[in-house]
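Below is one structure, written out as structure tokens; the observations come after it.
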Protein chains: 2
Amino acid sequence: MSQEFAGKGDPRKLIELMWGKSRAPRRGPKPKASLEDIVAAAISIADSEGIEAVSTRNVAEAVGISPMSFYTHVPSKAELHDLMLDQVTAESAARPDDWPTMNWRQRMTFIAEDAWHFYLRHPWIVQFQTHRPILGPNTMASYEVALSALEGLGLDEIEMDLSVTALHNYVLGAVRDAARAQTVLEATGMTDDEWWPSIEPFLADVDFSPYPLASHVGRVAGETYGLGDPERAFRFGLERFLDGMAMLIERKKQQHVT
Amino acid sequence: MSQEFAGKGDPRKLIELMWGKSRAPRRGPKPKASLEDIVAAAISIADSEGIEAVSTRNVAEAVGISPMSFYTHVPSKAELHDLMLDQVTAESAARPDDWPTMNWRQRMTFIAEDAWHFYLRHPWIVQFQTHRPILGPNTMASYEVALSALEGLGLDEIEMDLSVTALHNYVLGAVRDAARAQTVLEATGMTDDEWWPSIEPFLADVDFSPYPLASHVGRVAGETYGLGDPERAFRFGLERFLDGMAMLIERKKQQHVT
DNA sequence: TATAACTATTTACACTGTACATTGTTTTCA
DNA sequence: TGAAAACAATGTACAGTGTAAATAGTTATA
């Protein structure tokens, strides 16, 4: 079922693996597979078959080693997860070409949308827990890009960190339902809306009078976008958040003037 | 690792279970355990030992039936998860006493904080995926409460639905890191900040020059709240979102006047 | 050349979800 | 009253999981 963050893997070992220290061994046979191979194979399996298919045996087989040889390269499965996360984050570690011409709102919108699509490309990320903050090079680079969206606006360091974190948290929460719907669609070939009519009759004789607002709003929303439109909800909340950010930035600018 | 949303369990069966139809069987022996017992036992195990301890065997043992008897009551483990989710949501299905005296911002703040604490009480919720939207009675009641925070402000049904969804999504994303830190603390007795010094030396000779902003901001933030302060980040983002909501509500009011 | 250092493998164990076949219990109807 | 239907509970079994432990094989260094 789920995630082990137990006190097992030495966090220092993970740091070493992520930053590529502890390499170039002097003796012993040539490794049949590299760490990069293993992490890449795990990501590939997760993308195509889902995170539950990422077993130590499957990963080992994918890179052509025996099941237990996996542990020669990675301390445990928990560390594999962290390595997968940092590795895949490389996709969000670069600024787009027109970055210099964008204002802060365009930049934050870009970052949010980029993260949105990133999570939909790798929906398994949404569903696993790490044991410690990931301090890998790609995670760092991605944080750098996000911070640079807010440079020179008069925000202090704390406000910049909190803004970037809050934006990222929001996307993570909002993408969850989209990722779920997408994964289920891929697995079953059935969208949420296709499934709805088959259970509607069962709800027909439920008494909804205790939920007057919910049934009214739910009905109108249902006529507009069926069981839900995760992307629309995402964009709506993003605009509210950015409006709030604009207020903060404006306030800080006025403080700076006086 | 994670969740099965496969096309297995008949969704109609789940609806029946959640709304308490399909009860009062005419014949056969008295069940040794009720559905309520089973779901309650599963929630209790998840709360105290984590979601990974919620195995069909453990749940069966907790209610005093043999492993396979579990399947007499619940079609599969996926349905158990959905039932757990709706059941536990009963905690957020009531308005506080002073609700009538609160304005919309106080109400939304209450809902966000209530959800925040709810997730920290049941951190396992954050880490599992459902296969379909949960349409249970308690989920419905909780949605009703959230909507009633925005009644009579001039928002249309769609805006109300999107606002409630966005707020909920935000809390879900923001609580993730707090839940992780809490779970790791319980499992290992070590906070994120206690762990940090032990790996700091390993990062000492990493070249951080590619991340100038990140290392500067990270250093100031680190001096202020160590490796991170999830609750502070949550409150910061919440205020920004609510500021944005205030702008929307104000705009709608002015539209209504003209 | 011997040894240390390293990779890879085999075997094993306790655990998971659940398919399938069977037994036991209670109610209903002929 | 007895047979049948409906349901609950169980035992056995299988393919999968993470990983501990012991062992064998390979290479660079002393």
Side-chain angles (χ1 to χ4, degrees), chain A residues 1-10 13 16-17 22-38 42 45-46 49-82 84 128 131, chain B residues 1-10 13 16-17 22-38 42 45-46 49-82 84 128 131:
Chain A
M1 206 77 314
S2 282
Q3 50 289 105
E4 32 292 323
F5 7 43
K8 325 205 73 175
D10 187 346
K13 181 73 183 168
E16 284 180 34
L17 289 172
S22 75
R23 290 299 170 79
R26 318 270 118 192
R27 323 183 184 187
K30 309 264 177 267
K32 290 170 77 171
S34 70
L35 180 63
E36 286 76 14
D37 292 340
I38 288 175
I45 294 172
E49 302 168 56
I51 191 66
E52 70 280 359
V54 180
S55 67
T56 56
R57 284 175 176 80
N58 282 349
V59 172
E61 193 188 2
V63 298
I65 57 180
S66 73
M68 284 306 289
S69 290
F70 171 88
Y71 291 96
T72 304
H73 303 267
V74 184
S76 86
K77 201 182 172 184
E79 277 76 17
L80 176 66
H81 282 166
D82 290 345
M84 290 169 70
F128 74 42
H131 30 179
Chain B
M1 202 81 308
S2 281
Q3 48 289 108
E4 32 293 322
F5 7 42
K8 325 204 73 174
D10 186 346
K13 181 72 183 168
E16 285 179 33
L17 290 172
S22 75
R23 290 300 169 79
R26 318 268 118 193
R27 322 182 186 188
K30 308 265 174 269
K32 290 170 76 172
S34 70
L35 181 63
E36 287 76 15
D37 292 340
I38 289 175
I45 293 172
E49 302 168 54
I51 190 67
E52 72 278 359
V54 180
S55 66
T56 55
R57 284 174 176 81
N58 283 349
V59 172
E61 193 188 2
V63 298
I65 57 181
S66 75
M68 283 309 289
S69 290
F70 172 88
Y71 292 95
T72 305
H73 302 268
V74 184
S76 87
K77 201 182 171 182
E79 277 75 17
L80 176 67
H81 282 165
D82 290 345
M84 289 170 70
F128 73 42
H131 30 180

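Every chain is numbered from 1 and lettered A, B, ... according to where its sequence line falls, protein lines coming before strand lines. Computed over heavy atoms, backbone and side chain alike; hydrogens, waters and symmetry mates excluded. Computed from a predicted model, the values in this text were never measured in an experiment.
- Protein atom CD of B:E61 is 15 Å distant from nucleotide atom C1' of D:dT10, rounded to whole Å.
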List every contact pair, protein side and nucleotides 21-24 of chain C side both N or O, where the distance is under 3.5 Å.
none

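- Between A:N58 and A:A53 the shortest heavy-atom distance is ND2-O, 2.8 Å.
- Residue A:K13 comes nearest to A:P75 through the heavy atom pair CG-CG, 3.5 Å, listed as atom of the first residue, atom of the second, then distance.
- Here the C1' atom of nucleotide D:dA8 and the CD1 atom of B:I38 are 11 Å apart, to the nearest Å.
- Within the structure, a side-chain polar atom (N or O) of B:S66 is placed less than 4.0 Å from OP1 or OP2 of D:dT10.
- Counting to the nearest Å, the P atom of D:dA9 and the NZ atom of B:K30 are 12 Å from each other.
- Counting only heavy atoms from C-beta outward, the side chains of B:I51 and B:H81 approach each other to under 4.5 Å.
- A straight line from CZ of A:F70 to P of C:dT7 spans 14 Å, rounded to a whole angstrom.
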Per-pair distances, 0.1 Å, donor-acceptor, side chain in residues 63-72 of chain A, under 3.5 Å, sequence neighbours excluded:
unit_1 : atom_1 : unit_2 : atom_2 : d
A:S66  : OG     : A:S69  : OG     : 3.2
A:T72  : OG1    : A:S69  : O      : 3.3

Show your reasoning for whether side chain to side chain contact (heavy atoms under 4.5 Å, CB included) applies to B:H131 and B:E79.
CA-CA 9 Å; B:H131 30 180; B:E79 277 75 17; 4.0 Å; yes
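- An OP1 or OP2 oxygen of D:dT10 is reached within less than 4.0 angstrom by a side-chain nitrogen or oxygen of B:S69.
- Rounded to whole angstrom, the span from the CD1 atom of A:I65 across to the P atom of C:dC6 amounts to 18 Å.
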Test B:V54 against B:L80 for side chain to side chain contact (heavy atoms under 4.5 Å, CB included), laying out the working first.
CA-CA 10 Å; B:V54 180; B:L80 176 67; 4.1 Å; yes
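- Distance NE2 (B:H73) to P (C:dG17): 16 Å, rounded to an integer number of Å.
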Please lay out, stage by stage, how A:H73 and A:V59 fare under the test side chain to side chain contact (heavy atoms under 4.5 Å, CB included).
CA-CA 12 Å; A:H73 303 267; A:V59 172; over 6 Å; no
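- Across the protein-nucleic acid pair, B:K32 atom NZ and D:dC7 atom C1' stand 15 Å apart, rounded to whole Å.
- In this entry the distance linking CZ of A:R27 with C1' of C:dA8 reads 19 Å, nearest Å.
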Could you pull out the protein-nucleic contacts involving nucleotides 12-16 of chain C (nitrogen or oxygen on both sides, under 3.5 Å)?
unit_1 : atom_1 : unit_2 : atom_2 : d
C:dT16 : OP1    : B:S55  : OG     : 2.9

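- For the pair A:A46 and A:M84, the tightest heavy-atom approach, listed with the atom from each and the gap, is CB-CE, 3.9 Å.
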